[in-house]
Amino acid sequence: NAAELAAFAASYPQGSEEARAAAFLLDNLPLADRLSMTADELRENLDYAFLARRSMPWGAGLPWDIFLHFVLPHRTSQEPFQAHRAMLFRELAPLCATAESMEEALSRVGAWCAAKAQYRPTSRRDLGVVSVLEAGWGRCEETNILFMAAARAVGLPVRQAMVPWWQHDDGNHAWVEAWTPDGWKFLESGTEFAELNRTWFAAQAPRMAKVTAQVFGTWADASVYRTGPGFSLADSTAAYVRPVSVRVRVTVAHDQPVPGHDVYFSVYSLGAVRPVTKAATDGRGVAQTVLGPGVFLVSCSAGEELAWTMLDTRDMEDMDIRLQADSPAPLPDTLEFACPEAAADSFDATPGPELRRLREERAGRWAPLLRDLPAPLPERLALAGERTPGWLRLLQGGAGSPWTGPLLETLDDKDLLQADPETLAREARLALDARRAAEAGGLRVDDGVFRDYVLSPRIHLEPWSPWRAELLPWLGPYLGLSLPTKVDAVRTRVGKLKTLEPALMGPPLTPAQCHVAGYCTTVRDKGVLAAAALRTLGVPARFQPDFGRVEYFDGTKWHFWELEPGSPAQGILRLTGMGELRPFLDFGLTRVEKGHLRPLDDLPWEGDGASLRCALQPGAYLLVLPRREGQRTTVRLETVPIAAGAVTDRRVGGERGTQP
């Protein structure tokens, strides 16, 4: 894609503001954008950003660095890029041009966005701007993606802020901060609001363990505490809660400082003890951060184990603590966490009658055309929003195959919004061709395995793409060959990928992007490419991100392919309980890794709810068993050794045992 980027760079007179802005964008483009964005897309984004700067009442008054970092960028987070700036300017510029202040313009943008898309809990994979509009829904980060694109389209500077994890509840939250002449103020996207700094989550401000704001590019501001490829993290904690300055000195024997050592600050949330931030020690061995009031597990690596302590910041303003990196300490049977009470707040987030009417109308728009479809298709296709007609045409027009219905029944709800129906039908036909080629070579699998691990286009969190067609020029010659030959071909290609430093912004790479570029940013990119390539060859495959492995099926059993050094998952953990067991709520599984308790969030649990089992690599794990009582949470940690070839039983709240 180098020619497209070069054409964009050459589009503006040397030395002009536009040329400086173009250079800023190119310097900070995430890898996925660098591989895919065209010169026309980049020019549209930049030209309309400058149009808003010159035509909207507040545009000329924006400081240059505020414009660069908070108006010009084309993305909020890890959403796939979809061209949107021209469309949103046409929609919103006439609406906002008569606003008497930036605050009033933000309120108008908020009302427009609330009528277009409402909050709905979804998977953690981000939708792009156009997909959110077509769906009419999104989780908090996705309503932020829409709102921020809309605000920037009319020259309003905005950034995303978030609590990485709640202390008082399970989960996290993200919202929008807007720059005004009076400083940064906060708002809730996806809702109507008449004034800034008035939201439902303001009542939870005393409980915010850490508030981070995300910035596109390297921002020279005192609030920035971490930078990386194309991004900065700004500390916004003090805007919401009484901040506590914490310094952690990490030493070894004879009080020698340990520089460059990561220190983690964690709270309990969603089945795990999760870091809300980390800080690296300086030359004096001191790591510094700012936290809100609460109780934290502070930890760093001590060899293969942890040095740790509990930290209570609820009644403190300034704290100094020490960790001994050469003196690991065993974790206790229980950890006690606590947080302040919520604040009183009278904000009413109930939608107004007109907004309720619009949402109800949109939700039922396609119902008359879906009611005659067999279950569960009406419920599934109702999530497709403006994409529904394309899926109806595929189902009713004969362009699909007998597998079209089963595929749509299991298709990820976000793939319903990102996939093109005709392209998906072609991908399904390629999967059937690959199945026939594999059968000719002796690999036969039942329909269920084929549907879930060959036909399915979803591997992990990558954006949807027609990866079968894109990978066939490479893999086509291998279709008729033996299973070992296919696996070796894929293994060889994946082994040659170069690894770049991961960035905060930009989506994961698609399989074809990873293959063509020869780059990955994490083991997850490798795993997605490997699984996609094997499926393209008709080999059932799945990616297990928690262990950096790909599994492939030979017709009889699953084989483990470790993408990074490690042992195969040859042990089994089996959990039983009195009733249905819910991962993340009733229990979690974690292990000590790189200075903290790393949550294992993507484990392939299987079972009937009351009994769950999972294949694990041999080693020591911790079963996390929480109990919340008001503002306090007690977390019981139960050591679980997993042995190769053994089934380890744990009864959540009951007896235990290990059997061969």
Side-chain angles (χ1 to χ4, degrees), residues 25 28-38 41-42 44-45 48-49 69-88 109 113 116-153 158-162 172-177 189-190 212-217 228-231 233 383-387 412-420 458-465 502-510 513-514 521-522 524-525 528:
L25 282 177
N28 294 291
L29 275 185
L31 181 57
D33 294 342
R34 192 175 295 277
L35 290 167
S36 62
M37 288 186 72
T38 67
E41 289 170 338
L42 288 160
E44 178 189 291
N45 178 77
Y48 274 89
H69 292 283
F70 305 109
V71 174
L72 177 66
H74 55 290
R75 65 167 49 262
T76 293
S77 185
Q78 297 180 324
E79 72 277 14
F81 171 75
Q82 296 171 319
H84 59 263
R85 181 121 21 186
M87 175 268 293
L88 291 173
V109 171
C113 291
K116 298 294 183 181
Q118 66 189 93
Y119 173 79
R120 174 179 174 268
T122 67
S123 64
R124 66 185 189 268
R125 183 162 61 95
D126 289 337
L127 290 173
V129 175
V130 175
S131 294
V132 175
L133 285 171
E134 290 182 337
W137 49 260
R139 76 189 197 290
C140 57
E141 189 157 5
E142 289 159 332
T143 59
N144 290 349
I145 287 166
L146 174 59
F147 181 93
M148 288 177 58
R152 287 173 173 173
V158 287
R159 66 188 186 188
Q160 179 167 252
M162 69 180 305
N172 54 15
H173 189 52
W175 60 89
V176 174
E177 291 183 335
S189 65
T212 294
Q214 300 174 352
V215 183
F216 186 93
F231 74 90
L233 292 179
L383 300 174
E386 300 306 303
R387 287 294 188 95
D412 181 275
D413 54 1
K414 292 182 178 178
D415 287 335
L416 285 169
L417 293 158
Q418 293 180 328
D420 170 70
R458 174 57 36 211
I459 297 169
H460 189 46
L461 300 176
E462 74 285 356
W464 184 87
S465 65
L504 179 71
M505 295 188 181
L509 299 185
T510 67
Q513 286 176 333
C514 200
T521 56
T522 66
R524 298 188 176 201
D525 287 340
V528 167

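T510 places none of its side-chain heavy atoms less than 4.5 Å from the side chain of W464. Side-chain contact between K414 and S131: absent, with no pair of heavy atoms (C-beta onward) separated by less than 4.5 Å. In this structure the side chain of L25 reaches within 4.5 angstrom of the side chain of L72, judged on heavy atoms. Side chains of L133 and H84 form no contact here, defined as non-hydrogen atoms less than 4.5 Å apart. Counting heavy atoms from C-beta outward, L42 and F81 have side chains that stay 4.5 Å or more apart. Contact of the L233 side chain with the Q214 side chain is registered, since non-hydrogen atoms from C-beta on lie closer than 4.5 Å. Side-chain contact between H74 and D33 is present, with heavy atoms from C-beta onward closer than 4.5 Å.
Salt bridge absent: R85 and E44 never bring a charged side-chain N and a carboxylate O closer than 4.0 Å. Salt-bridge formation is not detected for the pair D126/R75: no Lys NZ or Arg NE/NH1/NH2 atom is positioned less than 4.0 Å from an Asp or Glu carboxylate oxygen.
Shortest non-hydrogen contact noted between Q82 and V130 is OE1-N, 2.9 Å. The two atoms that bring D525 and P508 nearest to each other are OD1-CB, 4.0 Å, heavy atoms only. The two residues R139 and P121 come nearest to each other via the heavy atoms CB-CA, 4.5 Å. The heavy-atom pair separating S189 from F147 by the smallest distance is CB-CB, 3.7 Å. For V109 against A151, the heavy-atom pair with the smallest separation is CG1-N, 3.9 Å. When all heavy atoms of M505 and T76 are compared, the pair lying nearest together is CE-O, 3.8 Å.
To the nearest 0.5 angstrom, R458 atom CZ is 8.0 Å from S123 atom OG. Atom CG of residue N144 and atom CD of residue E177 lie 10.5 Å apart, to the nearest 0.5 angstrom. Here the straight-line distance linking atom CE of M148 with atom CZ of F216 works out to 11.5 Å at 0.5 Å rounding. Annotation: the span from D415 atom CG to L383 atom CG amounts to 12.5 Å, rounded to 0.5 Å. The CD atom of E141 sits 5.5 Å away from the CD1 atom of I145 when rounded to the nearest 0.5 Å. Here CG of L509 is found 5.5 Å from OG1 of T521. Values are rounded to the nearest 0.5 Å.
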Full working for side-chain contact (heavy atoms from CB on, under 4.5 Å) between L88 and Y48 = CA-CA 10 Å; L88 291 173; Y48 274 89; over 6 Å; no
task = In sequence, state the C-alpha distance, the side-chain angles, and the governing distance for D420 and R387, and then conclude on salt bridge (charged side-chain N to carboxylate O under 4.0 Å, His left out).
result = CA-CA 9 Å; D420 170 70; R387 287 294 188 95; 5.8 Å; no
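When each of Q78, E79, E142, Q418 is paired with R125, the side-chain hydrogen bond (donor to acceptor under 3.5 Å, both in side chains) condition holds for Q418 and for no other.
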